[in-house]
2 protein chains.
Amino acid sequence: MTNATDGFAALADDTRRDIFERLAKRPLSVGELAEKLPVSRPAVSQHLKILKAAGLVVDHAEGTRRVYRVDPRGVEAMRGYLDRFWDRALAAFKEAVEEEKDS
Amino acid sequence: MTNATDGFAALADDTRRDIFERLAKRPLSVGELAEKLPVSRPAVSQHLKILKAAGLVVDHAEGTRRVYRVDPRGVEAMRGYLDRFWDRALAAFKEAVEEEKDS
DNA sequence: ACTTACGGTAAGTCATGACTAACGCAACGG
DNA sequence: CCGTTGCGTTAGTCATGACTTACCGTAAGT
């Protein structure tokens, strides 16, 4: 878990990205999310399960409700993955552009 | 294109992430990629089409071959998306942890 | 021109996954 | 207690997408 690669699959779905962005604004319960979204409550529950497995959200009980919030550590893991490629890709890209100018 | 959200779907697939990581090391042709991967050449071609649409790679002709390389701008776009949530999520997360200690 | 190398496209198959309805379970409130 | 609220899970359906085979276009080499 908190394996950056799972995060991509988690955020690939539109509904899940919607949920993620709403939780980024403020913590919400499953029911509160389902109200705003065009899908059923069980669907939201399943999406949250996937986001949680990817390390992007955490939940805690609050009476009978379960409140979810974004876990910045999961976001950081994905940033770290992209960073590993960014430096190298940027250097190689600029170099290629320079050679292109020699036409 | 270069829309960060398409990048998540693009990197969600294992084969596509494999292609992306190989291209990050050095530019490669379609055939060179297909040699190393456990899928057919047309499959690689289709994956590259998706990565290109997501703004993560660019291609250029080289004789009859087409050489693909990583486009750092696409990577940067995804980083930017994650950054928008990271600050806010981190602050909210720390605050919640502090309240948790009051138990 | 003919052939060969290289790659994108089309059509069809099969697995994955997003969704709903129905059910089960725990935590309060009367 | 007993009903209600709030979630998670299961089973089943339907759409999406990853893959292969076959085919077509294009750019050299002879």
Side-chain angles (χ1 to χ4, degrees), chain A residues 1 3 5-23 26-71 96 100 103, chain B residues 1 3 5-23 26-71 96 100 103:
Chain A
M1 52 198 76
N3 191 353
T5 59
D6 292 335
F8 292 119
L11 294 182
D13 183 73
D14 291 331
T15 302
R16 229 143 42 209
R17 211 168 39 243
D18 194 343
I19 292 175
F20 177 74
E21 294 180 6
R22 288 175 187 275
L23 292 180
R26 68 178 183 285
L28 292 169
S29 69
V30 179
E32 288 170 336
L33 282 168
E35 280 181 13
K36 303 291 185 178
L37 295 168
V39 295
S40 68
R41 187 190 51 70
V44 173
S45 207
Q46 292 164 1
H47 283 308
L48 287 169
K49 184 178 182 179
I50 294 174
L51 286 169
K52 184 179 176 182
L56 289 173
V57 302
V58 290
D59 64 325
H60 77 280
E62 208 165 280
T64 74
R65 314 190 340 167
R66 294 200 76 81
V67 178
Y68 285 79
R69 73 177 66 248
V70 168
D71 187 344
E100 195 73 9
S103 59
Chain B
M1 52 200 73
N3 191 351
T5 59
D6 292 336
F8 292 119
L11 294 182
D13 183 74
D14 290 331
T15 302
R16 230 141 42 207
R17 212 168 39 243
D18 194 342
I19 292 174
F20 177 75
E21 294 180 6
R22 288 175 187 275
L23 291 181
R26 69 176 182 285
L28 291 169
S29 69
V30 179
E32 288 170 337
L33 282 168
E35 280 180 12
K36 303 291 184 178
L37 295 168
V39 296
S40 68
R41 187 190 50 71
V44 173
S45 205
Q46 293 164 1
H47 284 308
L48 287 169
K49 184 178 183 178
I50 295 175
L51 287 169
K52 184 179 177 182
L56 290 173
V57 302
V58 290
D59 63 325
H60 78 280
E62 208 166 278
T64 74
R65 314 193 334 166
R66 294 200 76 82
V67 178
Y68 285 79
R69 73 177 68 247
V70 168
D71 187 345
E100 194 74 7
S103 61

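Reminder, nothing fancy here: chain letters follow the sequence lines and each chain counts from 1. In what follows, every heavy atom counts, from backbone to side chain, and hydrogens, waters and symmetry copies are set aside.
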Report task. Mind checking salt bridge (charged side-chain N to carboxylate O under 4.0 Å, His left out) for Arg69(B) and listing every partner two or more places apart, or none if nothing turns up? Result -> none
Report task. Mind checking ring pair (Phe, Tyr, Trp, His ring centres under 6.0 Å) for Phe20(A) and listing every partner two or more places apart, or none if nothing turns up? Result -> Phe85(B)
Query raised in the report: Listed in order of residue number, which residues of residues 35-47 of chain B have a non-hydrogen atom at under 4.0 Å from DNA chain D?
Result: Val39(B), Ser40(B), Pro42(B), Ala43(B), Gln46(B), His47(B)
Query raised in the report: Which nucleotide of DNA chain C is the first, and which the last, in the 5' to 3' direction, to come under 4.0 Å of a heavy atom belonging to chain A?
Result: dA18(C) to dC28(C)
Query raised in the report: Quick one: salt bridge (charged side-chain N to carboxylate O under 4.0 Å, His left out) partners of Arg17(B), sequence neighbours excluded?
Result: Asp14(B)
Query raised in the report: Is the closest side-chain heavy-atom distance between Leu56(B) and Asp6(B) below 4.5 Å?
Result: no
Query raised in the report: Can you list the residues that meet the side chain to side chain contact (heavy atoms under 4.5 Å, CB included) rule with Thr64(A), with sequence neighbours excluded?
Result: none
Query - Full working for side chain to side chain contact (heavy atoms under 4.5 Å, CB included) between Val67(A) and Asp59(A) - result: CA-CA 5 Å; Val67(A) 178; Asp59(A) 64 325; over 6 Å; no
Report task. Could you tell me the separation between the CD1 atom of Ile50(B) and the C1' atom of dA18(D), rounded to a whole number of Å? Result -> 8 Å
Query raised in the report: Considering residues at least two apart in sequence or located in another chain, which fulfil the side chain to side chain contact (heavy atoms under 4.5 Å, CB included) criterion with Ala12(A)?
Result: Ala9(B), Ala12(B)
Query raised in the report: Can you tell if the side chain of Ile19(B) reaches within under 4.5 Å of the side chain of Val57(B), non-hydrogen atoms only?
Result: no
Report summary line: One should read off an interatomic distance between Leu11(A) CG and Glu21(A) CD, to the nearest 0.5 angstrom, of 8.5 Å
Report summary line: Across all chains, not counting sequence neighbours, the side-chain hydrogen bond (donor to acceptor under 3.5 Å, both in side chains) partners of Arg65(B) are none
Would you mind writing out the side-chain donor-acceptor pairs for residues 29-39 of chain A within the sub-3.5 Å range, not counting sequence neighbours?
residue: Ser29(A); atom: OG; partner: Glu32(A); partner atom: N; Å: 3.3
residue: Ser29(A); atom: OG; partner: Glu32(A); partner atom: OE1; Å: 3.4
residue: Glu32(A); atom: OE1; partner: Ser29(A); partner atom: N; Å: 2.9

**Report entry** Contact state string [nucleotides 25-30 of chain D, B base, S sugar-phosphate only, - no protein heavy atom under 4.0 Å]
**Finding:** --BS--
Report summary line: Axis-to-axis angle for the helix from dA1(C)-dT30(D) to dG30(C)-dC1(D), ends of five pairs each, to 10°, equals 20°
Report summary line: Test side chain to side chain contact (heavy atoms under 4.5 Å, CB included), reference Tyr68(A), set Val44(A), Leu48(A), Leu28(A), output is Leu48(A)
Query - Residue whose nearest DNA chain D nucleotide is more 5′ - Ala9(B) or Lys49(A) - result: Lys49(A)
Query - Nearest-Å distance for atom pair NE2/P, residues His60(A) and dC7(D) - result: 12 Å
**Report entry** By side chain to side chain contact (heavy atoms under 4.5 Å, CB included) - contacts of Arg16(B) (at least two apart)
**Finding:** Asp13(B), His47(B), Ile50(B), Leu51(B)
